[in-house]
Amino acid sequence: MSLRRPAFSGSPAHHRACGVIEPVDAAEKYTRRRLRILLLAFALCTQPLAAEPPDRPSYAPTAGSDFPREVFWGDTHLHTSASPDAFRFGNRAHDRGDAYRFAQGEELEANNGMAVRLRRPLDFLVVSDHAEYLGVLPGLQAGDALLADTDTGSRWTAMMQAGQGDQVFEEFFAAINGLFDAEISMDFTQSVWFEVTAAADRFNDPGVFTAFSGYEWTSMPKGNNLHRVVIFRDGSKKTNQVMPFSALDSDEPEDLWKYLANYEATTGGQVLAIPHNSNLSGGLMFALEDSKGRPISKEYAETRSRWEPLVEATQFKGDSETHPFFSPDDAFADYETWDWANAAQTIPHEDWMSRFEYVRGALKSGLEIDARVGANPYRLGMIGSTDSHTSYATASEDNFWGKFSNEAPAPGRVDAEGDVPGFSWRYASSGYAAVWARANTREELFAAMKRRETYATTGPRMVVRFFGGWSFDASDAHRPDPVQTGYRMGVPMGGTLTRREGNPAPAFLVVAAKDPDGANLDRVQIVKGWLEKDGTAQERVFDVALSDGRQPNGRKVTPVGSTVDEATATYKNTIGDAQLAAVWRDPDFDPNQSAFYYARVIEIPTPRWTAYDAVFFGLELADDVPTITQERAYTSPIWYDPGVLASESAPSKTTKQGPLSTASSAP
């Protein structure tokens with residue numbers, strides 16, 4: 001096809017090659033000569049004169065590569081004064097704007113009058129206030145006219161004005177548990193939701209700071225925690241087309257997933273949900289049945305995995321990686337364990353619940369369910385977040401401001417009554433979400449979460465890379481840039497390995513570096529779970545890299561020691577290593593067994609937040625109050641799927657049909 005172009009200068013041969021019809025008018029020829037430079041500048045020709053061959057090698061070693069090069073730090077679970085429980089327990093002043101400003105490094109005045117600030121700003125934040133009665137208590141205090149449109153709102157307004165705010169909250173809590181019918185103006189809820197999405201858009205600064213719209217779905221059937229944080233990738237043009245789906249609409253996760261599907265279908269946007277505090281779910285979060293008590297089906301498994309690619313493995317209300325009853329051979333299993341009762345303290349904890357309340361148990365159950373129905377509902381990547389209700393996204397031991405504003409630093413807070421039986425010292429100052437992405441934008445961070453290229457930490461910002469492949473050798477751990485090798489020869493955390501011809505054992509490349517402002521590393525471990533021939537899942541923890549010259553030697557390793565001075569709440573980095581790296585090949589690999597592997601990185605001992613309180617306020621702590629911790633990180637797993645080799649005629653009962661490839665990324 002010929003295109004008539006402006007009569008710019010160039011050779012006749014060049015014009016013919018570009019499909020330009022040569023003019024013959026003398027004036028046009030003169031114009032062409034005068035505009036020679038414009039031709040070169042704008043390059044209107046569709047075929048440049050000296051195009052470079054597309055396969056020409058570049059001197060730049062990273063040219064043409066597109067893997068994520070940066071880790072971004074954030075909190076996907078933060079409450080402000082718009083959450084009824086946060087408001088009731090003292091957060092009356094700090095709204096979502098304050099939360100975003102604080103996350104970016106701004107100093108605020110805390111509820112106790114002290115100044116509060118992060119040591120280092122975060123890269124992203126999800127303000128996830130409860131969908132149930134979103135913004136109602138601040139609205140009642142302000143006398144919002146929309147709230148008076150219903151009988152409940154009118155009565156609550158009068159009660160708030162009469163100083164009966166605690167009674168209002170008690171009715172709110174009863175309503176969440178289905179014991180009280182409270183009707184709130186939909187116009188009011190919509191107005192608050194529009195404020196939520198507008199604030200996220202206002203503070204979102206692509207490439208600098210990412211603000212996501214989100215909320216918490218607070219399902220608590222019979223007091224059991226089934227909470228999820230809902231995160232939208234999109235701006236207000238899409239998120240304003242829906243209203244938050246709350247536990248008052250339904251307390252069944254299946255209905256939440258229908259809402260998420262409808263959002264994507266009607267808006268073209270993207271959304272996901274992240275369960276948290278599985279440790280307080282009464283054995284329900286990772287059950288083997290659906291909400292109706294029916295065995296998990298393939299459809300259920302595929303749906304759940306589609307909408308819930310991640311799990312919040314650690315936060316203020318305890319750590320949910322694993323439990324010592326469920327993992328008795330794991331010396332590090334009993335970490336910030338909350339196992340007294342469910343979230344509402346209505347059902348005491350029993351040992352059997354541990355398998356269905358902790359992430360490692362879910363990963364193992366996922367293998368078993370996959371073998372039975374052909375889909376894995378618990379293909380979960382890991383993140384951490386705070387669940388702070390103060391508007392402050394801080395997870396450092398020396399900067400812990402309590403879950404609620406009335407638990408700000410003060411002489412008596414360690415022994416104050418906590419959120420479960422016991423005392424406030426049981427709170428864990430944890431955690432953060434680490435995301436490997438190409439850029440600090442909504443689109444890139446959300447895509448990384450979907451592919452599970454994430455890890456959890458209990459607060460420190462240690463940098464962790466984890467790859468699985470078939471051809472790694474020991475020297476790869478000592479390359480100056482092992483990351484390129486990892487992506488070139490394997491899959492990153494969150495990925496899947498499928499069976500390879502010859503059935504070699506997979507190898508795993510892990511590299512971990514200390515938080516620049518934190519403690520040295522004690523060790524790196526790889527946690528393996530696999531499916532036995534009888535269909536039951538097993539687990540084992542392997543030490544793969546040890547500090548201070550120690551060598552892995554079976555299941556017992558000499559402890560790294562401790563430099564903690566409890567009297568001053570200090571420690572020294574005279575033990576441990578700043579970086580640990582290893583290539584580990586599974587010595588017990590069976591190519592016919594489905595498996596998962598994830599890395600756990602553990603720091604040397606450091607002072608816990610209770611030790612900092614004791615020094616700051618001059619306290620004498622009871623003997624049962626822990627004052628030392630070993631912070632850690634958990635990567636998302638890498639799964640091994642046996643699949644079926646082309647030479648095999650039929651799959652076994654414990655495997656499913658899969659493509660033949662050396663490595664593939666998880667969907």
Side-chain angles (χ1 to χ4, degrees), residues 275 278-279 281 283-290 295-298 300-302 304-305 308-311 313 320-333 350-382 452 468 493-499 503 505-506 508 525-542 555 584 586-600 634-644 651-656 658 666:
S278 55
N279 58 330
S281 68
L284 293 184
M285 184 66 82
F286 305 125
L288 303 180
E289 301 82 24
D290 64 16
I296 287 178
S297 65
K298 182 177 182 180
Y300 175 100
E302 291 175 339
R304 182 161 185 166
S305 182
E308 298 183 3
L310 301 175
V311 62
S320 298
E321 184 229 354
T322 195
H323 187 280
F325 177 82
F326 181 68
S327 302
D329 295 328
D330 184 350
F332 291 90
E350 298 180 24
D351 287 338
W352 68 265
M353 297 176 180
S354 300
R355 175 187 175 186
F356 309 106
E357 291 184 329
Y358 288 81
V359 177
R360 195 182 300 176
L363 295 172
K364 291 167 67 175
S365 292
L367 298 181
E368 296 175 358
I369 296 169
D370 194 6
R372 186 170 65 250
V373 306
N376 185 346
Y378 302 132
R379 190 176 286 265
L380 297 165
M382 291 201 232
R452 307 173 181 89
M493 60 184 79
T496 300
L497 296 170
T498 54
R499 193 167 180 175
N503 297 327
F508 296 88
Q525 301 175 310
I526 289 181
V527 179
K528 176 188 177 183
W530 71 94
L531 197 64
E532 287 284 5
K533 294 179 180 179
D534 63 1
T536 61
Q538 304 296 324
E539 68 174 74
R540 184 176 173 185
V541 180
F542 296 86
R555 296 175 186 246
W584 174 82
D586 184 357
D588 303 321
F589 178 69
D590 184 330
N592 297 309
Q593 295 174 337
S594 298
F596 64 80
Y597 305 81
Y598 65 88
R600 182 171 65 181
Y634 314 122
T635 73
S636 293
I638 293 172
W639 286 266
Y640 168 70
D641 185 347
V644 177
S652 70
K653 292 183 179 180
T654 58
T655 61
K656 65 178 181 179

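We count residues from 1, following the sequence as given.
Ion pairing of Asp590 with Lys533 is absent here, as no side-chain N (NZ or NE/NH1/NH2) approaches a carboxylate O to less than 4.0 Å. A salt bridge is defined here as a Lys NZ or Arg NE, NH1 or NH2 lying under 4.0 Å from an Asp or Glu carboxylate O, and Lys528 with Asp588 fails to meet this definition.
The shortest side-chain heavy-atom distance between Phe325 and Arg355 does not fall under the 4.5 Å cut-off. When side chains are defined from C-beta on, Asp330 counts as touching Arg360, because their heavy atoms get closer than 4.5 Å. Using a 4.5 Å heavy-atom cutoff, the side chains of Val541 and Asp329 are not in contact. Contact check for Tyr378 versus Val311: no side-chain heavy atoms found under the 4.5 Å cut-off. In this structure the side chain of Leu531 never reaches within 4.5 angstrom of the side chain of Thr536, judged on heavy atoms. Between Pro642 and Pro591, the closest side-chain pair of non-hydrogen atoms is not below 4.5 Å. Using a 4.5 Å heavy-atom threshold, the side chains of Met285 and Pro275 count as touching.
Taking CG from Leu363 and CE from Met382, the interatomic distance works out to 5.5 Å, rounded to the nearest 0.5 Å. Between Ser278 atom OG and Phe356 atom CZ the span is 13.0 Å, to the nearest 0.5 Å. Atoms CG and CG, from Asn592 and Asn503 in turn, are 7.0 Å apart once rounded to the nearest 0.5 Å. Remark: Lys298 NZ to Ile369 CD1 distance equals 14.5 Å, nearest 0.5 Å. Separation of atoms CZ (Arg372) and OG (Ser365) is listed at 9.0 Å; rounding is to 0.5 Å. Taking OG of Ser636 as the reference point, atom CZ of Arg452 lies at 8.5 Å (rounded to 0.5 Å).
At a cut-off of 3.5 Å, with distance as the only test, a side-chain donor of Glu321 or Tyr598 sits close to an acceptor on the other residue. Using a 3.5 Å distance cut-off with no hydrogens or angles, the side chains of Tyr597 and Asp586 do pair a donor with an acceptor. In summary, the side chains of Glu539 and Ser327 do present a donor paired with an acceptor at a separation below 3.5 Å, with no hydrogens or angles considered. Using modelled atom types, one finds a donor on one side chain and an acceptor on the other under 3.5 Å when comparing Arg379 with Thr496.
Each of Phe589, Phe596, Trp530 was checked for a ring-ring contact (aromatic ring centres under 6.0 Å, His included) with Tyr640, and the lone residue meeting it is Phe589.
A donor-acceptor pair is defined here as one N or O able to donate and one able to accept, closer than 3.5 Å; such a pair exists between the side chain of Asp370 and the backbone of Ala375. No donor-acceptor pair closer than 3.5 Å links the side chain of Glu532 to the backbone N or O of Gln538. Between the side chain of Ser354 and the backbone N or O of Phe326, no donor-acceptor pair lies under 3.5 Å.
Nearest heavy-atom pair, Tyr300 versus Glu289, reported as atom, atom and distance to 0.1 Å: OH-O, 4.5 Å. Of all non-hydrogen atoms in Tyr634 and Ala313, the two that sit nearest each other are CD1-CB, 4.3 Å. Of all non-hydrogen atoms in Gly529 and Leu367, the two that sit nearest each other are O-CD1, 3.8 Å. For the pair Leu380 and Pro637, the tightest heavy-atom approach, listed with the atom from each and the gap, is O-CD, 3.1 Å.
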Step-by-step side chain to side chain contact (heavy atoms under 4.5 Å, CB included) determination, Asn376 to Trp639: CA-CA 11 Å; Asn376 185 346; Trp639 286 266; 4.2 Å; yes
